[in-house]
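Here's the structure we're looking at; comments come further down.
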2 protein chains.
Amino acid sequence: MPTLKDVAKLAGVSTSTASRVLTGAANVNEATKARVMEAIEKLGYQTNFVAKSLRQRRTGTLALLIPNIRNPFYSIVTKGVTAVAKQHGYTVILADCDDDLQHEVETINRLKNRWVDGFIIATTSEKNYDHLLALQDSKIPLVLLVRKIDREITSVVVDDYRGGYLGTEYLLQKGHRRIAFIGGDLNLSFNRNRYLGYLKALKDWGVEKDEEIIITRIIGHEGGYQAVNELLLLEKKFTAVLCTNDIKALGAMRAIYDAGLSVPRDISVMGFDNLDLSALSIPALTTVAQPAYEMGEEAAQRVIDLINNIKPPNLIKLMDVSVVERDTVTVPPVYL
Amino acid sequence: MPTLKDVAKLAGVSTSTASRVLTGAANVNEATKARVMEAIEKLGYQTNFVAKSLRQRRTGTLALLIPNIRNPFYSIVTKGVTAVAKQHGYTVILADCDDDLQHEVETINRLKNRWVDGFIIATTSEKNYDHLLALQDSKIPLVLLVRKIDREITSVVVDDYRGGYLGTEYLLQKGHRRIAFIGGDLNLSFNRNRYLGYLKALKDWGVEKDEEIIITRIIGHEGGYQAVNELLLLEKKFTAVLCTNDIKALGAMRAIYDAGLSVPRDISVMGFDNLDLSALSIPALTTVAQPAYEMGEEAAQRVIDLINNIKPPNLIKLMDVSVVERDTVTVPPVYL
DNA sequence: ACAACCTATGAAATCGATTGCAGAAATCGA
DNA sequence: TCGATTTCTGCAATCGATTTCATAGGTTGT
């Protein structure tokens, strides 16, 4: 691989001048510039980014930490991040933390030593965030994504409260009054907010909440399946289920199907996320859509702004949600 | 951030000695070593990888290029790669090429300048591979993944021929004789091999192939949907469909469902991939499983071996496949 | 014509580590 | 005891770019 020295020699100038041509610095004679360009062309020279990084103390890389890339939501987020990063000439280092806090802490450390210019982090745990505060203190630009903590850190999150509200409201508008809730760990802010949105919608429509058809701490597909089975055992009638993600909703649908009931004729199901697979299920899942791609874009834009010392107008960007109507919600059966 | 110089000063030694302690070089006095370690501890020193990379001419990073991270198959592959990379102290740069050859070429160039130690590439196009040959020539370790080209390059691919054969055989064993085929572009080796496996199984069982129920060049969910609709119009009876991926299979299932028929009672459906979502569909999809995670692991191991000048025993690693029995395949309806 | 000021360029320092070479100190052998 | 060998350490070069500083030569203004 040719170096700048080779280019300079061929062009008959010093490396300083050759470098000036590359960086587009002002004072370079047109003729010399042309000679240098020619040499660059002839040798097929390309800047060595490692050397450049060392000298400039910046590497042109962004780190993106996510809990688990197998969750399709995060692969869409990732695409949004990389698209914007590429536009601005940044390379993205993707780190999958395997839903493990320890892993996350180690990764941050490792990448710090590699002089990553900025971090975008969808943290595994919202409770233990000492490492995030430490990172913030070390002055490396940091943007939190999806998950946020209770401190002054630039964040991009979805309006989960509104999402919970809209999803519930949609069911209420269809005529449902007995709406079961299948959610995740309420210690995570997004789960909690979706739940609060659900409660608020019920309240606004004058529907009494019923603790018995509210199930939380549910994880994954199997969790959704089990939750519905429990609900069906209760013999308490419910005509719709609001799930806090699409995966749980698919598990719920299977339980309903296995019980010999039909979606949406007997029970309507509502998801949350709008993953690709929600359009593929049979019947196709009605769900609250999160703008995953846009969130990735926004986070990347923000971290790049921080790198360039541009302060964002607001610390926390709340992304909007919307209901995507498909085939798992209909009016409730008359026998209620 | 403290540098090695700071450490050396605090320990009262030269940077050379401090460096020797870090790199674990032989001749360092135990007492000095201890003093240096103490200084490292006290300052919280951590090696600067940019400087280290420049001097050692290696960066400790691997590049993983994939066509599209939204394809869940590749997110599993990615996890396999990163797991092994981490074990060996490598950081992975993931590049999503958006199914675009030009994008792939540019990315390779960009990463070359960053002195990536090795490349793992699931190339977008198997036809245009000049850039891959050039990369091979530049002596940077390279492993091809999933997609392969017709040259002497270390590759990790799945035994697609056997996959096509096994899937078909499974249907034949269940009693099916009229098996439709819904496949992708036969110019891609994996599609072609799956198709050839299908033909061979038919032949081995003495079943005549029928071009009319063989549809190729199908893309995605919608493609699978359309393909089945065309097949149903033919009024040629078929009792099973072999799809060359799970997404197409889900599209096929929806078409069958929309036609008022039932899977598997009227028509059996077989997929290929064994994505997470194939377990979530209703009924759950019977499919030919590819060991995506293991392929990622294998590719990472191979590229690391190449970096360390360990030659692999065979140039092309053929990963095994297996049929995962779920609920979309049963014996054909009697009326045939 | 002379001071003041540009313009264009090169020499050398710098980023932060690793490593070849040389030499001091310690150990060994006879 | 003296030379030979081994052990340990430091100096300085190196990786490949960027950037500060100095300066030669040219231009401008008065």
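Bear in mind that the values here come from a model prediction, so they are computed numbers and not experimental data. Here is the naming used below: chain letters follow the sequence lines, and residue numbers restart at 1 for every chain.
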For B:Thr47 and for A:Val28, find the nucleotide of DNA chain C with the closest heavy atom, then tell me which residue's nucleotide is more 5'.
-> A:Val28
Which whole-number value in Å describes the distance from B:Lys5 NZ to D:dA12 P?
-> 13 Å
Any salt bridge between A:Lys79 and B:Asp98, counting N to O under 4.0 Å?
-> yes
Evaluate the side-chain proximity of A:Val146 to A:Val157: yes if any heavy-atom separation is below 4.5 Å, no if none is.
-> no
Nearest listed nucleotide, side chain of A:Arg57, among C:dT18, C:dC15, C:dA17 = C:dC15
A:Ser16 side chain, from C-beta outward: closest of C:dA8, C:dA12, C:dT19 | C:dA12
Taking OP1 and OP2 of D:dT18, is either one under 4.0 Å from a side-chain nitrogen or oxygen of A:Ser19?
-> yes
How would you label the contact of B:Asn48 with the nucleic acid (heavy atoms, under 4.0 Å): base, sugar-phosphate, or nothing?
-> sugar-phosphate
Does a nitrogen or oxygen in the side chain of B:Ser14 sit under 4.0 Å from OP1 or OP2 of D:dC11?
-> no
Look at atom NZ of A:Lys112 and say whether more than 12 heavy atoms of other residues, nucleotides or ligands are closer to it than 6.0 Å.
-> yes
For atom CE of A:Met37, decide whether the heavy atoms of other residues, nucleotides or ligands shown that lie under 6.0 angstrom number more than 12.
-> no
Nearest-neighbour nucleotide for the B:Gln56 side chain, C:dG10, D:dG10, C:dT19 considered = C:dT19
Write down the distance between NZ (B:Lys9) and P (D:dG10), rounded to a whole number of angstrom.
-> 14 Å
Rounded distance (Å) that lies between atom C1' of C:dA26 and atom CG of B:Asn27 | 13 Å
Nearest listed nucleotide, side chain of A:Asn29, among D:dG16, C:dA8, C:dA17 | C:dA8
Would you please say whether a donor-acceptor pair under 3.5 Å links the side chains of A:Thr61 and A:Arg114?
-> no
Using Watson-Crick pairs (N1 to N3, plus N6-O4 or O6-N4) and G-U wobble pairs, both distances under 3.5 Å, which stems of at least 3 pairs involve DNA chain C?
-> C:1-30 with D:1-30
Could you tell me whether A:Thr32 contacts a base, only the sugar-phosphate backbone, or nothing, with contacts defined as non-hydrogen atoms closer than 4.0 Å?
-> sugar-phosphate
A:Thr17 side chain near C:dG10 phosphate (N/O to OP1/OP2, under 4.0 Å) | yes
Nucleotide nearest B:Leu4 when distance is taken to its side chain, options C:dG10, C:dT7, C:dT18 = C:dT18
Identify whether any heavy atom of A:Val50 sits under 4.0 Å from a base atom; if not, whether one sits that close to sugar-phosphate; answer base, sugar-phosphate or nothing.
-> nothing
Sidechain N-carboxylate O distance under 4.0 Å for A:Arg110, A:Glu106 | no
Around A:Asp150, counting heavy atoms of other residues, nucleotides and ligands shown, do more than 12 lie under 6.0 Å from its CG?
-> no
Rounded to whole Å, the CG-C1' distance (B:Leu54 to C:dT14) equals 12 Å
What's the CZ-P distance between B:Arg55 and C:dT14, to the nearest Å?
-> 19 Å
If you take atom types as modelled and just measure distance, does the side chain of B:Arg20 reach the base of C:dG20 with a donor-acceptor pair under 3.5 Å?
-> yes
B:Phe49 CZ to C:dC15 C1', straight-line distance once rounded to whole Å = 17 Å
Quick one: on DNA chain D, does B:Gly12 or B:Trp115 contact a more 5' nucleotide (nearest heavy atom)?
-> B:Gly12
Is it true that atom CD of B:Gln46 has more than 12 heavy atoms of other residues, nucleotides or ligands lying nearer than 6.0 Å?
-> yes
